[in-house]
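As structure tokens, the structure follows; a few thoughts come after it.
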Protein chains: 2
Amino acid sequence: MNKKRTIYNIAKELDLAPGTISKVINNTGNVSDSTRKRVLAYIKKVGYVPNNSARMLKSKRTYTVGIVFTEESDVGLEHSFFSSILQHFKTFVEVQGYELSFIVKKLGQHELSYYEWCMNKRVDGVYIVVGNYDDKGLYELVESSIPAVSTDMLLPKLHTVISDNDQGVKLIFDYIKEELKLKNIAYISGPKSSKAFNERVDAYHKYTQEYQLNQTSEVIYADSFGFTSGYNAVYKLLKKPEQKPELIMVASDDIALGVLKGLSDMHIKVPEDIQVVGFDDIAFSKHFTPSLTTIRQDRKLLGQTAARLLIELMDNPNKDVSEIVKLPVELVIRESTRKK
Amino acid sequence: MNKKRTIYNIAKELDLAPGTISKVINNTGNVSDSTRKRVLAYIKKVGYVPNNSARMLKSKRTYTVGIVFTEESDVGLEHSFFSSILQHFKTFVEVQGYELSFIVKKLGQHELSYYEWCMNKRVDGVYIVVGNYDDKGLYELVESSIPAVSTDMLLPKLHTVISDNDQGVKLIFDYIKEELKLKNIAYISGPKSSKAFNERVDAYHKYTQEYQLNQTSEVIYADSFGFTSGYNAVYKLLKKPEQKPELIMVASDDIALGVLKGLSDMHIKVPEDIQVVGFDDIAFSKHFTPSLTTIRQDRKLLGQTAARLLIELMDNPNKDVSEIVKLPVELVIRESTRKK
DNA sequence: TTGTATGCGTTATCAG
DNA sequence: CTGATAACGCATACAA
């Protein structure tokens, strides 16, 4: 059977001291080239691998980053947009030797705050993939001295990487004005609880004014994040037929796809009767009929940038000025819009 | 500042011995009710929480389960079917006090096998969410004495929870025969590398014979798991127009949605000209136009059952007979099929 | 350059 | 019932 290997018995078998083994493993201190090679070879041969717990107990670094992934009603990992970002974050940090560990509020019987959990596990940093502004525990966590980044929330002392929502909306307006040459538009937003959605609504108001377009109605707020809420929202929007817009901007693709379906059920042709633009470019947007014109967020870049930022923070925790990185977005033109 | 709390200084402040504190935390050994209460109260007051590394170092249990989530080309967490199962698994084990940790092949500079990683981290068990039969490391892991379950692979010594594919296919045939009263059918499978796909093809062959239906052509194998491969596959299937089936069974919804799109592009009406049945019931199947008739896999039950099984295994590692749990599936009828 | 000793925060085994 | 004390496996300052 595989006997338990420690630097101790390895040292004995090699006729060396435990400390020496440790040194070669960590590339630290002085050790002669010959013994280093000898130890390395032996370690590889017997397949020794250091005990993480012991290492973590001794040194301060755990090479673990805690993940906050707020889940609403069992969705969570299932949310393709955020899991995609997390996936890219994950592959990036793993190459640098970090691991992911989900922060969980109750560990067995104990009920822990985020902060307590992090202290307990001694994570080196925290990544808030998706958070909730109502969650008090998040504030405590962010206020602490633990390095933290997010791709979702904007909070003082929190480093955040987000898409440039203003630019995205502007891209749409440029397109409407210069290519589509439309005048009457409407907007369906997601819930007000999301910062990103709010930024987009604000930009929408700003640019309708700036570009002198006509809002056919008040902004409609979908009551959730998904397909069905979009479906309902577009019915609400078009209740009064005289106000029919030429184009509907929608806060996210998930919602926009529901809008498309609703329009189809109302026998309103897209893009002939009404055109639709989304935001995000989720995987399904290009497969839907009609395929959806949208603003593409670079999920890979989002995840990687967050990863890079966090690693930098963990390496030198002194720089504690909050920083907001805005990433450029891109207009993807598909079938749901068309020049007249 | 938050001073670092250990059972040591807590003991001192309470005028007790460290060991005593440990006992009340772990509900072990004998300790008088009064001191137990006193300690508990104090702990809660100062928000003490035990250091995991130390605890893990000392005791054998780590209360961590390693996750194998094989990713092909950066998809991974983004795959809604598997992330959904993982999500349910996660919530279940977390309630029991376990945490998830993704197994990663290279930890920093070192390149580790799954097994080495698990020994290193001393995980209590392993959950293979999605694995690859070509991956030799998986065999080594499964052969070891570490408790392991999967919702994807079938391997000797591995405990597996899967949907009953045979039953699912039979459900479709019953429906075809008794409700739809169709005769000519065809099948589009996913890649042969997947066990689940193979089981479904086998069942398809078995039941076409048993129910005396007519296969209009050989089984077509999509060359990947996604939408596009389904799109291509249906073109290949219908290359020769005289062989048009009345109904196409597809190995998965992801692929089936592509089939639907392909059919639409060929101006073939669903369900009027050809009917389509999928497998899985992914979130989008009910939103597509036409919505997809399919076999629903109970992802929540899959995740939870895997979780329950693994926990049982970790609690008593002696029972090492491999076990396969088959979960029932359900036919969901939507627009892509219709009685004539 | 190499070996030794100590501590990291727990748990567990003994005595008291 | 409670208090010392020895591991757990490693890192590190210090001595050799």
Side-chain angles (χ1 to χ4, degrees), chain A residues 2-40 42-43 46-64 107-108 110 116 119-124, chain B residues 2-40 42-43 46-64 107-108 110 116 119-124:
Chain A
N2 244 318
K3 81 178 279 189
K4 198 170 31 182
R5 300 214 167 273
T6 70
I7 52 171
Y8 255 83
N9 55 45
I10 287 188
K12 201 170 299 168
E13 286 160 41
L14 250 41
D15 221 32
L16 287 168
T20 309
I21 312 293
S22 175
K23 279 174 201 152
V24 351
I25 290 172
N26 298 291
N27 263 314
T28 170
N30 291 329
V31 54
S32 78
D33 223 46
S34 62
T35 47
R36 148 164 283 117
K37 281 207 183 91
R38 196 156 66 98
V39 172
L40 247 24
Y42 189 77
I43 280 179
V46 301
Y48 163 79
V49 33
N51 179 319
N52 236 298
S53 307
R55 174 178 269 176
M56 277 157 50
L57 178 57
K58 184 61 188 170
S59 40
K60 253 38 232 173
R61 299 294 292 262
T62 57
Y63 287 93
T64 301
L107 210 41
H110 303 276
E116 286 170 332
M119 292 310 283
N120 165 12
K121 295 271 293 185
R122 309 286 196 273
V123 295
D124 293 338
Chain B
N2 245 318
K3 81 179 279 189
K4 198 170 30 181
R5 298 212 168 274
T6 71
I7 51 171
Y8 236 85
N9 55 47
I10 288 188
K12 201 170 297 166
E13 287 160 40
L14 249 41
D15 220 30
L16 287 168
T20 309
I21 311 294
S22 174
K23 279 173 201 155
V24 350
I25 290 172
N26 297 291
N27 262 314
T28 170
N30 291 330
V31 55
S32 78
D33 222 47
S34 61
T35 48
R36 148 164 285 115
K37 280 205 184 95
R38 196 157 64 97
V39 172
L40 246 25
Y42 189 77
I43 280 179
V46 301
Y48 161 80
V49 34
N51 178 318
N52 235 300
S53 306
R55 174 177 270 177
M56 277 156 51
L57 176 57
K58 185 59 189 169
S59 44
K60 255 36 231 172
R61 300 293 292 260
T62 57
Y63 287 93
T64 302
L107 209 42
H110 302 277
E116 287 171 333
M119 292 310 284
N120 165 12
K121 294 269 295 184
R122 309 287 196 272
V123 294
D124 293 338

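Atom set for the values below is all heavy atoms of this structure, side chains included, hydrogens, waters and symmetry mates excluded.
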message: For the OG1 atom of Thr62(B) and the CG atom of Asn52(A), what is their distance to the nearest 0.5 Å?
response: 10.5 Å
- request: Using only side-chain N and O atoms of Tyr8(A), determine if any of them is under 4.0 Å from OP1 or OP2 of dG3(C).
  value: no
message: Without decimals, in angstroms, what is the distance between Lys23(B) NZ and dG9(C) P?
response: 21 Å
message: Any base atoms under 4.0 Å from Ser22(A), or only sugar-phosphate, or nothing? Heavy atoms, all strands.
response: base
query: From Ile21(B) CD1 over to Lys12(B) NZ, what is the distance, rounded to the nearest 0.5 angstrom?
result: 12.0 Å
query: Heavy atoms under 4.0 Å, any strand shown: does Asp15(A) hit a base, just sugar-phosphate, or nothing?
result: sugar-phosphate
- request: Could you say whether Thr20(A) or Ala54(A) is positioned toward the 5' end of DNA chain D, judged by the nucleotide with the nearest heavy atom to each?
  value: Ala54(A)
statement: Whole-Å distance, Ile7(A) CD1 to dA5(C) P, equals 15 Å
- request: Would you indicate what Thr35(B) reaches in the nucleic acid, counting non-hydrogen atoms under 4.0 angstrom: base, sugar-phosphate, or nothing?
  value: sugar-phosphate
query: Given atom CG of Asn9(B) and atom C1' of dT10(C), what is their separation to the nearest angstrom?
result: 13 Å
message: At less than 4.0 Å, is any side-chain N or O atom of Asn51(A) found next to OP1 or OP2 of dG9(D)? Yes or no.
response: no
Value in whole Å for how far the P atom of dT10(C) lies from CE of Met56(A): 13 Å
- prompt: Can you find a donor-acceptor N/O pair under 3.5 angstrom joining the side chain of Lys58(B) to the base of dA7(D)?
  reply: yes
query: Does the pair Asn26(A) and Arg55(A) meet the rule for a side-chain contact (heavy atoms from CB on, under 4.5 Å), with working shown?
result: CA-CA 11 Å; Asn26(A) 298 291; Arg55(A) 174 178 269 176; 3.5 Å; yes
message: For a quick test of reading the model: is some side-chain N or O of Thr28(A) closer than 4.0 Å to OP1 or OP2 of dA11(D)?
response: no
message: Using the rule given for side-chain contact (heavy atoms from CB on, under 4.5 Å), can you reason through Glu13(A) versus Arg5(A), listing the C-alpha separation, both sets of side-chain angles and the distance that settles it, and then say yes or no?
response: CA-CA 11 Å; Glu13(A) 286 160 41; Arg5(A) 300 214 167 273; 3.5 Å; yes
message: How many whole angstroms separate atom CG of Asn52(B) from atom C1' of dG9(D)?
response: 16 Å
message: How many whole angstroms separate atom CZ of Arg61(B) from atom C1' of dA12(C)?
response: 17 Å
- prompt: Nearest-Å distance, OH (Tyr48(A)) to P (dG9(D))?
  reply: 10 Å
message: Output the rounded distance in Å from CZ (Arg122(A)) to C1' (dG9(C)).
response: 8 Å
- prompt: Start at the 5' end of DNA chain C and walk down; is the nucleotide closest to Pro18(B) or to Pro18(A) reached first?
  reply: Pro18(A)
- request: Given side-chain contact (heavy atoms from CB on, under 4.5 Å), test Leu14(B) with Thr20(B) step by step and report yes or no.
  value: CA-CA 11 Å; Leu14(B) 249 41; Thr20(B) 309; over 6 Å; no
message: Within the 4.5 Å heavy-atom criterion, are Tyr48(B) and Ile25(B) side-chain neighbours or not?
response: yes
message: Given dT1(C), dG9(D), dT11(C), identify the nucleotide with an atom nearest to the side chain of Ser32(A).
response: dT1(C)
- prompt: Counting only side-chain N and O atoms of Asn26(A), is one of them less than 4.0 Å from OP1 or OP2 of dA11(D)?
  reply: yes
- prompt: Is Leu16(A) touching bases, backbone alone, or none of the nucleic acid, heavy atoms closer than 4.0 Å?
  reply: sugar-phosphate
statement: The residue, Leu57(B) or Asn30(B), whose nearest nucleotide of DNA chain D is more 5′ is Asn30(B)
query: For Arg55(A) and dA11(D), is the shortest distance between a side-chain N/O and OP1 or OP2 below 4.0 Å?
result: yes
- prompt: What nucleic acid atoms does Thr6(B) come within less than 4.0 Å of, heavy atoms only: base, sugar-phosphate, or nothing?
  reply: sugar-phosphate
